[in-house]
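Step one of this worksheet: look at the structure below.
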Amino acid sequence: MEDSEKQYPLPSLTQIFVLCSLLLCLRVQKGEALKKKVSGVYVFGDSTVDPGNNNFINTPFKSNFPPYGRDFPKQIPTGRFTNGKLGTDFTASYMGLKELVPPYLDPKLSNKDLITGVSFASAGSGFDPLTPAITNVIPIPKQLEYFKGCKKRLERVLGNKQRVGQHLEEAVFFVSAGTNDFVVNYFTLPIRRKSFTLLAYQQFVLQHLIQFIQNLWTEGGRKFLVAGLPPMGCLPIMITLNSDHAFLQRSCMDKYSSAARNYNLMLQHELRSMQLNMSGLKISYIDTYGPLDNMIHAHDSFGFEDVESGCCGSGYIEAGILCNKYSAVCSDPSKYLFWDSIHPSQKAYHSLFLASRPTIDALINQ
């Protein structure tokens, strides 16, 4: 019989049932990571999670101009200190909330944005009160005040305080700050070093972080993701300013990275203690050090060709206003771990998000 004349038997009901069962199983497995719904995401911290709040304040720490945003939709320089999206954008999308987390200070912010989540973060900020004062950015306590204002607006949108409380119980609070306290403040300026040993300063910063989370808990936050410090000695700016081989034989400086490792250990201890002692609190540590360290030392497997300088300008010193429309830019930012001399590229942020997904899943599914 010719191929065109071949007849195939119709599938039986049993075969159809088995096929449908397999498809259902695959669908369940695909959506199994996040079993519980997230009502919103509220973000606090520094430039690693600031989508553009600094656009609306009087500070030199801005990035709402080219070449920032080069790989953002429509190449818009939104105020994110990278070439595209931040890790929190990928996180919000993964949670099914929105593709982009907007800045709270944006006057165009909608009621839906308030419900699904916003960022209060400010580039250049930190837990040490001196850190945001250096560059006139939004202090962490002021970010808390903005959140309180957000709650009042939510009461008008959702109807009453009880509904807001229920909404916040199902929301995730994301906190990412601390790098500026060490890179911009402690290791660069002499003020804090005159009063604090490194260990004492680490404890000082942690005390402010703990107090901040306690304040957010008082305001209704129950689920927290808290990011640790990156390998600070691997930031291009730190290599440039502190290495004896800043140009010819660039490499990470363990003096600064070890400070981050020790701080992260102390942070994890404090978070575990808070989890035990604060009713209803669910708090998880987001490791940024390990994944970034892996990207640096196994960069080929991640597709990175340059992990010691940024894509913008020379890559050694440029960030913020020094990375501008007159700066030369690499042809392919996805091959660079860093976009400028401080901040990761969009590809690096996406890799950090992927590394954090098991932690996110575990927190939400508790």
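Since the structure is predicted, the reported quantities are computational estimates derived from the model, not experimental observations.
For NZ of Lys148, the number of neighbouring non-hydrogen atoms (other residues, nucleotides, ligands) closer than 6.0 Å is greater than 12. Surrounding NZ of Lys98 are more than 12 heavy atoms belonging to other residues, nucleotides or ligands, all under 6.0 Å away. The number of heavy-atom neighbours closer than 6.0 Å to CG of Asn277, taken from other residues, nucleotides and ligands shown, is above 12. With a 6.0 Å radius and a threshold of 12 heavy atoms from other residues, nucleotides or ligands, Gln162 has its CD atom at or below the threshold. Residue Asn160 places its CG atom among more than 12 non-hydrogen atoms of other residues, nucleotides or ligands, all under 6.0 Å distant.
Relative to the ring axis of Phe65, Lys62 does not place its NZ or CZ within 45° and under 6.0 Å from the centre.
Centroid-to-centroid, the aromatic rings of Tyr201 and Phe182 come within less than 6.0 Å. Phe174 has its ring centre no less than 6.0 Å from the ring centre of Tyr42. In this structure, Phe204 has its ring center closer than 6.0 angstrom to the ring center of Phe196. For an aromatic pair to be called close, the ring centres must be under 6.0 Å apart, and Tyr336 with Phe304 fails this. For Phe212 and Phe224, the gap between ring centers reaches or exceeds 6.0 Å.
Of the residues listed (His269, Glu270, Gln275, Met274), the one engaging Arg272 in a side chain to side chain contact (heavy atoms under 4.5 Å, CB included) is His269, and it is the only one. Tested against Arg80, the residues Asp50, Asp89, Asp71 include a single salt bridge (charged side-chain N to carboxylate O under 4.0 Å, His left out) partner, Asp89. Each of Asn54, Asn53, Asp46 was scored for a side chain to side chain donor-acceptor pair (under 3.5 Å) with Ser122, with one residue passing: Asn54.
For the residue pair Gln211 and Asn215, a side-chain donor N or O sits within less than 3.5 Å of a side-chain acceptor on the partner. Residues Thr218 and Gln214 have side chains that never bring a donor and an acceptor to within less than 3.5 angstrom of each other.
The aromatic rings of Tyr104 and Phe120 sit tilted, their planes meeting at an angle between 30° and 60°. Below 30°, between 30° and 60°, or above 60°: for Phe81 and His343 the angle between ring planes is between 30° and 60°, a tilted geometry.
Going from atom CZ of Arg70 over to atom SG of Cys330 covers 6.0 Å, rounded to the nearest 0.5 Å.
Grouping the Ile, Leu, Val, Met, Phe, Trp and Tyr side chains by contacts below 4.5 angstrom, directly or via other members, places Leu354 with Leu97.
Electrostatic pairing of Arg261 and Asp254 counts as a salt bridge here, judged by a charged N lying under 4.0 Å from a carboxylate O.
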*Would you please test Cys312 and Cys323 for disulfide bond (SG atoms under 2.5 Å apart) and show each step?*
CA-CA 6 Å; Cys312 184; Cys323 174; 2.1 Å; yes
